[in-house]
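The structure appears below as structure tokens.
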Number of protein chains: 2
Amino acid sequence: MSTAGPRPRRATIRDVALEAGVSRGTVSRVLNGEPYVSAQAREAIERAVARVGYVPNSAARNLATRRSQAIGFIVHEPHELFLEDPNIGAILLGANRVLSGSDHQMVSLVIDSERDSRRVARYLSGGFVDGAVVVSARQDDTLLTTIARLSIPATLVGRPPATSRVPWVGIDNKGAARAITEHLVGTGRRRVGMIAAALDRDSGADRLAGFRDALGPAFDRRLVVENQLYEYTAGRTGMIELLEREPEVDGVFAASDAIAAGALDALRAAGRRVPEDVGVVGFDDSSWALRCQPLLTTVHQPARQLGEAAAASVLAQLRGTATDEPAGGLLETHVVVREST
Amino acid sequence: MSTAGPRPRRATIRDVALEAGVSRGTVSRVLNGEPYVSAQAREAIERAVARVGYVPNSAARNLATRRSQAIGFIVHEPHELFLEDPNIGAILLGANRVLSGSDHQMVSLVIDSERDSRRVARYLSGGFVDGAVVVSARQDDTLLTTIARLSIPATLVGRPPATSRVPWVGIDNKGAARAITEHLVGTGRRRVGMIAAALDRDSGADRLAGFRDALGPAFDRRLVVENQLYEYTAGRTGMIELLEREPEVDGVFAASDAIAAGALDALRAAGRRVPEDVGVVGFDDSSWALRCQPLLTTVHQPARQLGEAAAASVLAQLRGTATDEPAGGLLETHVVVREST
DNA sequence: TTGTACGCGTTATCAC
DNA sequence: GTGATAACGCGTACAA
């Protein structure tokens, strides 16, 4: 328990009114840029504001207006992923951009423990935010039920559980996975494997489904290695595993660029050449793709736009102009061919 | 301009009091776990809370208590760096951990434009947070003057401008740079260069100063390449530049691991072997260091602990038990020897 | 054009 | 133990 005392008292509208010799109502009007104030009063008030060092208290304003002009950006991730996943940063920046444009403060909240989870729920309930963008919620996330119960405007990034009716934005993971697998097969690969990840989330499961679709009868469950997270080390170990299971493998679909980067390093260590001996493709088109050797062929995912779309959707709900789900429709992806195929 | 209306009315203490047949005061006491409430009243109130679906409104509570139980985590970075810098994530997690432990909500605010900057200033003024952790403030940051003016408890991560008297936590960049440069020289290198970055910030400038110190008379300004940011591509281009200026170079101190990773790739492309032909060292001991080939010798920087120390410092200020500056003292760093030297 | 007075939902200080 | 009731700082009808 912290035992902090109140902060030093700051000037209020009252002080300004006294100083300027007008009423609080008039001060309030000036502060909110309303018409019907004499130039004289306005000027006196502005001077008074400066003199007493007045700054408005939003807690009071929130209480009166019942709105906070703030939107939560909630990230629910285990440490590792939060640090490794380049998409989250881009989504965050995208969201911040549109919120900033409509004069909303984005406040991002990270959930990193059960305790965090409860506190964030309280925070949402408390009227600190008018709405929320939720990134990478789990299928069974209690956060979603909290949000539903409070009926606070929210939009998810990524497809929510089928039972939920929250608006969301996302991409067609399955279609994109199919497309890039087809590209890989199109370069003449015969024994194609996948390093999958995060099968407990829609993105992970859908990418595997797309891979399976593309391969059709050629699909071989033995050539799929599974991991918890979309991370570099999973790529290294996954690739080693894959080479053990099938030394003849000549094509690999990695569920993320980070995984692909790990796979490339493992392949190099094993003496295989890319793309001559084996073709590798990733997913995300994150900064990982450009720091690989060779440059990675991958699926471009519009991470920043996802953030923008999600934020726009929340604002739309706030205005009461919410559209159908999914909020922004599915955003476009496309295959970026580089050197690894 | 958004034109949102108020959200649906939610149950208040008043409703609970009515429902339970007691006064608001008693309800408030129960809610805050205070003593002197009859078991009977307590039970009735708890049932009433559940029945009317009461959730406390923090705006009102904030107004009454004049505290928000929230701490701002302010990141002031250009996009690229925010996405590339692995330290920020670790610092953030560290801060969240200690704040979470003392039941404070961490809200992170990113400043990404002039407009953001002003809005965050308003946000801070508005009583939304009781204090703030500020990461990577610029030397001339207006944020710092805002914070000083409002006298809101804050702690910086990284050394502030000399003129400022804000508490801060950090590491001894200069000493650490000297140490790792000495290690590099100790492996027998004769022509040692540096790929420097962010000279407009204390970290960047201090690392260069430490490098210079370690080299003493052997220091050669020509062998220092400068960059804006601590990023991978700066490492590639910087290394190429360095090789052009001095083909005989056999040692490189990169101002960050990301830069070192770029340098390693550039060296490989140029046909130099590491560590045989040239030794490379980095700074940060971030995840970059472990995905390099060869594994990178670098300075371990306790990023997570920096976040923890900064948060603890803010909480201490809140409690009125603030210590001298720097807030947490300088945190320890050490050289981690791996394969690149 | 300006002032008054009430409401926002809690906490806190009293008497009882 | 409990119940009134005055803050907390601001927005906003309504009256003047």
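Here is how names work: the chains are called A, B, and so on, in the same order as the sequence lines, proteins then strands, and each is numbered from 1.
When the side-chain nitrogen and oxygen atoms of B/Thr65 are compared with OP1 and OP2 of C/dT11, none of them lie within a distance under 4.0 Å. OP1 or OP2 of C/dT11 has at least one side-chain nitrogen or oxygen of B/Asn32 nearer than 4.0 Å. OP1 or OP2 of D/dG3 lies within a sub-4.0 Å distance of a side-chain N or O belonging to B/Ser23. Contact between the side-chain N/O atoms of A/Thr26 and the OP1/OP2 oxygens of C/dT2 is not found at any separation under 4.0 Å. For A/Arg61 and D/dG11, the shortest distance from a side-chain N or O to OP1 or OP2 is below 4.0 Å.
A side-chain donor-acceptor contact under 3.5 Å links B/Thr65 to the backbone of B/Arg61. With hydrogens and angles ignored, the 3.5 Å screen pairs no side-chain donor or acceptor of B/Arg159 with any backbone N or O of B/Gly170.
Summarising the geometry, the separation between CZ on A/Arg14 and P on D/dC10 is reported as 10 Å, rounded to the nearest angstrom. Put simply, CZ on B/Arg67 is 15 Å from P on D/dG9, counting in whole angstrom units. Distance CG (A/Asn62) to P (D/dC8): 18 Å, rounded to an integer number of Å. In this structure, B/Arg29 atom CZ and C/dT11 atom C1' are separated by 11 Å, rounded to whole Å. Whole-Å rounding puts the A/Leu63 CG to C/dC8 C1' distance at 4 Å.
Positionally, the nearest nucleotide of DNA chain C for A/Ala64 lies more toward the 5' end than for the other of B/Leu31 and A/Ala64. Closest-nucleotide positions on DNA chain D for B/Ala60 and B/Tyr36 were compared, and the one nearer the 5' end corresponds to B/Tyr36.
Applying the salt bridge (Lys or Arg N to Asp or Glu O under 4.0 Å) test to every pair with at least one member in residues 19-33 of chain A, sequence neighbours left out, gives these pairs: A/Glu19-A/Arg51. For the salt bridge (Lys or Arg N to Asp or Glu O under 4.0 Å) condition, the pairs that include at least one residue of residues 35-47 of chain A, sequence neighbours left out, are A/Glu43-A/Arg47.
Qualifying ring-ring contact (aromatic ring centres under 6.0 Å, His included) partners for A/Tyr123, counting only residues two or more places apart in sequence or in other chains: A/Phe128. Remark: A/Glu34 engages no residue in a salt bridge (charged side-chain N to carboxylate O under 4.0 Å, His left out) (not counting sequence neighbours).
Only B/Ser38, B/Ala41, listed by number, bring a heavy atom of residues 38-57 of chain B to less than 4.0 angstrom from any atom of DNA chain D.
Set against C/dG9, C/dT11, D/dG3, the side chain of B/Ile13 has C/dT11 as its closest nucleotide. If you check D/dG9, C/dC8, C/dG3 against the side chain of B/Arg66, the one that comes closest is D/dG9. Comparing C/dT11, D/dT12, D/dT5 by their nearest atom to the side chain of B/Arg24 picks out D/dT5.
Looking only at side-chain heavy atoms (C-beta outward), B/Ile91 and B/Val75 stay at 4.5 Å or farther from each other.
Side-chain polar atoms of A/Ser68 and A/Asn62 form no donor-acceptor pair below 3.5 angstrom. A/Arg319 and A/Gln317 are not linked by any side-chain donor-acceptor pair at a separation below 3.5 angstrom, with hydrogens and angles left out of the test.
Rounded to 10 degrees, the angle separating the terminal helix axes of the helix from C/dT1-D/dA16 to C/dC16-D/dG1, each built from five base pairs, is 40°.
When all heavy atoms of A/Pro160 and A/Val166 are compared, the closest pair comes out as CG-O, 4.1 Å.
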